[in-house]
Chemist: 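Handing you a structure now.
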Amino acid sequence: MITIKSAREIELLRAAGKIIYDLHQVLKPLIKPGISTLELDQIAEAYILAQGAKPNFKNYNGFPNTICASINDTVIHGIPRKDMILKEGDVISIDMGCILNGYHGDSAWTYGVGEISLKDQELLDVTKEALYQAIRVVKPGAYLGDIGYAIEQFVSPHHMGIVTDFGGHGIGRNLHEDPHVSHKGKKGQGVVLKEGMVICIEPMITLGSGKVKVLKDGWTVKSVEAKTSAHFEHMVAVRASGYDILSDGSSPMQGTNG
Ligand code: MG
Ligand code: MG
C-alpha cells in the first residue's frame with residue numbers, strides 16, 4: 001500500500017533528511033586515505049544521536065551498523081570494519097539514514113578517496129546525473145516507469161550497468177514502504193505518481209553489467225565482475241508543482257519542475 005503524506009508529514013521527512021544531508025557534509029572532508037569505515041560509522045552514529053535522532057539502519061533486519069560503507073566493487077550494504085581502511089584511488093558509497101519524530105531519512109552518496117581514475121570519476125558523474133534526470137520526471141500524473149526509463153536513457157550511451165536486483169522505495173513512518181522504485185522502466189507504465197507520495201530514488205550503477213551477488217555475510221552486495229560501483233540516493237516528494245527533494249539540505253519547495 002502506498003501512503004500519501006500530508007504537507008506536515010513531508011516537513012517531518014525533510015527534517016530527518018536534513019540530518020542525513022548535513023551528516024554527509026560532515027563525513028565528506030574525513031573521507032581520506034587512512035580512515036577506517038568503522039571510524040566513519042562511529043562518527044555518523046554520534047552525530048545522529050547528537051541531533052536527537054536515531055540511526056535507522058542499525059538492527060534493521062539485523063544490520064549491525066549506522067552506515068553502509070561500500071568500497072569499489074561493493075555496490076551497497078557494505079558493513080563498516082576497523083580493518084577496512086580507505087586508500088588513495090578508492091571509491092566509497094556511504095548510505096545512511098535516521099529516524100526523527102517517527103519519520104525516516106535515507107540518502108546515499110559516492111565519494112572518491114583522494115585522486116581517482118578518470119573512468120571511476122565518469123561513473124560517479126553519470127550515476128549522480130542519472131539520479132537528477134530521474135528526479136526531474138517526478139510530478140503528479142507521471143508514471144513510476146518514467147523514472148527507470150529516464151535513468152536507462154541517460155546511462156545506456158555510457159555503457160555502464162544498471163543494478164536491478166535492488167531499487168528505491170517509498171519512505172515515511174517506515175524506512176522501506178511501497179512502491180518499489182526500479183531503476184529501469186518503460187515510459188507510461190506502472191504506478192501513477194500522486195501528490196503526497198514520497199519515494200527514495202537511488203540508482204546503483206557499475207562499470208560492469210550491473211549484475212550483483214550477495215556475500216556469505218548476508219549483506220555485502222558486490223558487482224559480479226568486481227567492477228567499480230556507484231550509488232546516489234535522494235528522498236523525493238511528489239508535490240502539486242512537481243518534485244521536492246527532501247534530502248539535499250534545501251528549504252521547502254525549492255525544487256520544482258513546474
Ligand atoms: Mg539508502
Ligand atoms: Mg533507500
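Heavy-atom basis, side chains included; hydrogens, waters and symmetry copies ignored. Everything numeric in this text was worked out from a predicted model, so none of it was measured.
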Chemist: Using only atom types and a distance under 3.5 Å, with no angle test, would you say the side chain of D90 pairs donor to acceptor with the backbone of V113?
Modeler: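 Answer holds: no.
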Chemist: Once you measure the plane-to-plane angle for H77 and F166, does it fall in the parallel (<30°), tilted (30-60°) or perpendicular (>60°) bin?
Modeler: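 If you compare the ring of H77 with that of F166, the planes turn out perpendicular.
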Chemist: Is there a side-chain contact between M96 and L23, using heavy atoms and a 4.5 Å cut-off?
Modeler: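 Yes, side chains in contact.
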Chemist: Any chance you could lay out the side-chain contact (heavy atoms from CB on, under 4.5 Å) test for K186 and Y149, step after step, and finish with the verdict?
Modeler: CA-CA 5 Å; K186 289 201 170 71; Y149 179 81; 5.8 Å; no
Chemist: Test of understanding: with side-chain contact (heavy atoms from CB on, under 4.5 Å), list the residues that count as partners of D22, not counting sequence neighbours.
Modeler: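 So D22 forms a side-chain contact (heavy atoms from CB on, under 4.5 Å) with K18, Y47.
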Chemist: Starting from the C-alpha separation in whole Å, work towards a yes-or-no answer on salt bridge (Lys or Arg N to Asp or Glu O under 4.0 Å) for E122 and K128.
Modeler: CA-CA 10 Å; E122 189 193 353; K128 194 205 295 186; over 6 Å; no
Chemist: Name the residue from D178, D106, N174 that meets the side chain to side chain donor-acceptor pair (under 3.5 Å) definition with H169.
Modeler: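 Running side chain to side chain donor-acceptor pair (under 3.5 Å) over D178, D106, N174 with H169 returns exactly one hit, D106.
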Chemist: For D146, which residues count as a side-chain contact (heavy atoms from CB on, under 4.5 Å) partner, sequence neighbours excluded?
Modeler: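 Partners of D146 by the side-chain contact (heavy atoms from CB on, under 4.5 Å) criterion, ordered by chain and then number, come out as V137, A142, Y143, K187.
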Chemist: Do N65 and L38 come close enough that some side-chain heavy atom pair is under 4.5 Å?
Modeler: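 SC-SC contact between N65 and L38 confirmed.
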Chemist: List the steps and the verdict of side-chain contact (heavy atoms from CB on, under 4.5 Å) for I245 and Y132.
Modeler: CA-CA 10 Å; I245 305 175; Y132 285 104; 4.0 Å; yes
Chemist: How long is the span from the CE atom in M204 to the OG1 atom in T164, to the nearest 0.5 Å?
Modeler: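 Interatomic distance, M204 CE to T164 OG1, rounded to 0.5 Å: 10.5 Å.
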Chemist: Do N72 and S229 touch side chain to side chain, with heavy atoms closer than 4.5 Å?
Modeler: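 Side-chain contact under 4.5 Å: no.
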Chemist: With a 3.5 Å distance limit and no angle check, can you tell me whether Q189 reaches the backbone of G185 through a side-chain donor-acceptor pair?
Modeler: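 Flag not set: sc Q189 to bb G185 has no pair under 3.5 Å.
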Chemist: Output yes when a side-chain donor or acceptor of S107 lies under 3.5 Å from a complementary backbone atom of Y21, and no otherwise.
Modeler: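 Not a single qualifying donor-acceptor pair exists.
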Chemist: Report the residues that fulfil salt bridge (charged side-chain N to carboxylate O under 4.0 Å, His left out) with E9, sequence neighbours left out, ordered by chain and then residue number.
Modeler: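 Salt bridge (charged side-chain N to carboxylate O under 4.0 Å, His left out) check on E9 returns nothing, list empty.
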Chemist: Just by distance, with hydrogens left out, do S70 and S93 show a side-chain donor and acceptor under 3.5 Å apart?
Modeler: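 Their side chains do not contain a donor-acceptor pair, so the 3.5 Å distance test is not met.
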Chemist: Just by modelled atom types, is the S36 backbone N or O under 3.5 Å from a matching donor or acceptor in the E39 side chain?
Modeler: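 The answer is yes, because a donor-acceptor pair under 3.5 Å joins these two groups.
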Chemist: Side-chain heavy atoms under 4.5 angstrom apart, residues restricted to Ile, Leu, Val, Met, Phe, Trp, Tyr: same cluster for F154 and V138?
Modeler: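 Cluster IDs for F154 and V138 match.
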Chemist: With the side chain counted from C-beta on, respond yes when L86 and P33 share a heavy-atom pair under 4.5 Å apart, and no when they do not.
Modeler: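 Result no, sub-4.5 Å side-chain heavy-atom pair not found.
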Chemist: Kindly compute the distance separating CD1 (I67) from CG (D41), expressed to the nearest 0.5 Å.
Modeler: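 Answer rounded to 0.5 Å: 5.0 Å.
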Chemist: How about I201 and H234: do any of their side-chain heavy atoms sit closer than 4.5 Å?
Modeler: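 In short, these two side chains do not touch, never coming nearer than 4.5 Å.
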Chemist: Within the side chain of T228, is there an N or O that forms a donor-acceptor pair under 3.5 Å with the backbone of L207?
Modeler: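 Such a contact is absent between T228 side chain and L207 backbone.
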Chemist: Are C68 and I94 side-chain neighbours, meaning at least one heavy-atom pair lies under 4.5 Å?
Modeler: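 When only atoms from C-beta onward are counted, I94 and C68 do not touch, as no gap falls below 4.5 Å.
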Chemist: Got a sec: does the CD of E115 have more than 12 other heavy atoms crowding it under 6.0 Å?
Modeler: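 Not buried by this count: 12 neighbours or fewer within 6.0 Å.
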Chemist: Applying the 4.5 Å side-chain criterion to the ILVMFWY set and letting contacts propagate, would L175 and I10 be lumped into a single cluster?
Modeler: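 Hydrophobic grouping puts L175 with I10.
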Chemist: Hey, what do you get for SG (C200) to CE (M235), rounding to the nearest 0.5 Å?
Modeler: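 It comes to 5.5 Å.
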Chemist: So, do I71 and V91 sit near enough that their side-chain heavy atoms are less than 4.5 Å apart?
Modeler: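 Sidechains of V91 and I71: no contact.
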Chemist: Could you point out which residue of K139, R239, K5 forms a salt bridge (charged side-chain N to carboxylate O under 4.0 Å, His left out) with D244?
Modeler: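 Only one option passes, and that is R239.
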Chemist: Got a sec, which residues hit salt bridge (charged side-chain N to carboxylate O under 4.0 Å, His left out) with R173, two or more places apart in sequence or on another chain?
Modeler: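 Listed in chain order: nothing, the list is empty.
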Chemist: Does any non-hydrogen side-chain atom of M160 lie less than 4.5 Å from one of T206?
Modeler: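 No - every pair of side-chain heavy atoms lies 4.5 Å or more apart.
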Chemist: Report the residues that fulfil side-chain contact (heavy atoms from CB on, under 4.5 Å) with I99, sequence neighbours left out, ordered by chain and then residue number.
Modeler: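 I99 satisfies side-chain contact (heavy atoms from CB on, under 4.5 Å) with K54, N56, H104 once adjacent residues are dropped.
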Chemist: To the nearest 0.5 angstrom, please state how far the CD1 atom of I135 sits from the CD1 atom of I147.
Modeler: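 Reported to 0.5 Å precision, the distance equals 9.5 Å.
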Chemist: Can you list every pair that meets salt bridge (Lys or Arg N to Asp or Glu O under 4.0 Å) and has a residue in residues 205-231, with sequence neighbours left out?
Modeler: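 Qualifying pairs: D73-K222.
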Chemist: To the nearest 0.5 Å, what is the distance between CG on L12 and OG on S6?
Modeler: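 So the gap between those two atoms works out to 7.5 Å.
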Chemist: Verify side-chain contact (heavy atoms from CB on, under 4.5 Å) between I151 and I162, making sure each step is shown before the conclusion.
Modeler: CA-CA 9 Å; I151 292 169; I162 301 170; 4.2 Å; yes
Chemist: Rounded at 0.5 Å granularity, tell me how far OG in S247 sits from CD1 in I20.
Modeler: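 Going from OG on S247 over to CD1 on I20, the span is 9.5 Å.
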Chemist: Give a yes or no on whether a salt bridge exists between E11 and R8, defined as a side-chain N under 4.0 angstrom from a carboxylate O.
Modeler: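 Not counted as a salt bridge, because no side-chain N and carboxylate O are separated by less than 4.0 Å.
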Chemist: Tell me which one of K28, H24, K32 satisfies side chain to side chain donor-acceptor pair (under 3.5 Å) with Y111.
Modeler: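 Only match with Y111 under side chain to side chain donor-acceptor pair (under 3.5 Å): H24.
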Chemist: Starting from the C-alpha separation in whole Å, work towards a yes-or-no answer on side-chain contact (heavy atoms from CB on, under 4.5 Å) for E233 and D95.
Modeler: CA-CA 8 Å; E233 173 184 27; D95 189 3; 3.0 Å; yes
Chemist: W109, I19: one ILVMFWY side-chain cluster at the under-4.5 Å cut-off?
Modeler: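 The answer is yes; both residues are in one hydrophobic cluster.
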Chemist: Using side chain to side chain contact (heavy atoms under 4.5 Å, CB included) as the criterion, point out the one residue from I43, I48, L40 that pairs with T66.
Modeler: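 With T66 as partner, I43, I48, L40 yield a single side chain to side chain contact (heavy atoms under 4.5 Å, CB included), made by I48.
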Chemist: Which residue is it: V238, T3, I171? I am looking for the one with a side chain to side chain contact (heavy atoms under 4.5 Å, CB included) to M197.
Modeler: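 Passing option: V238.
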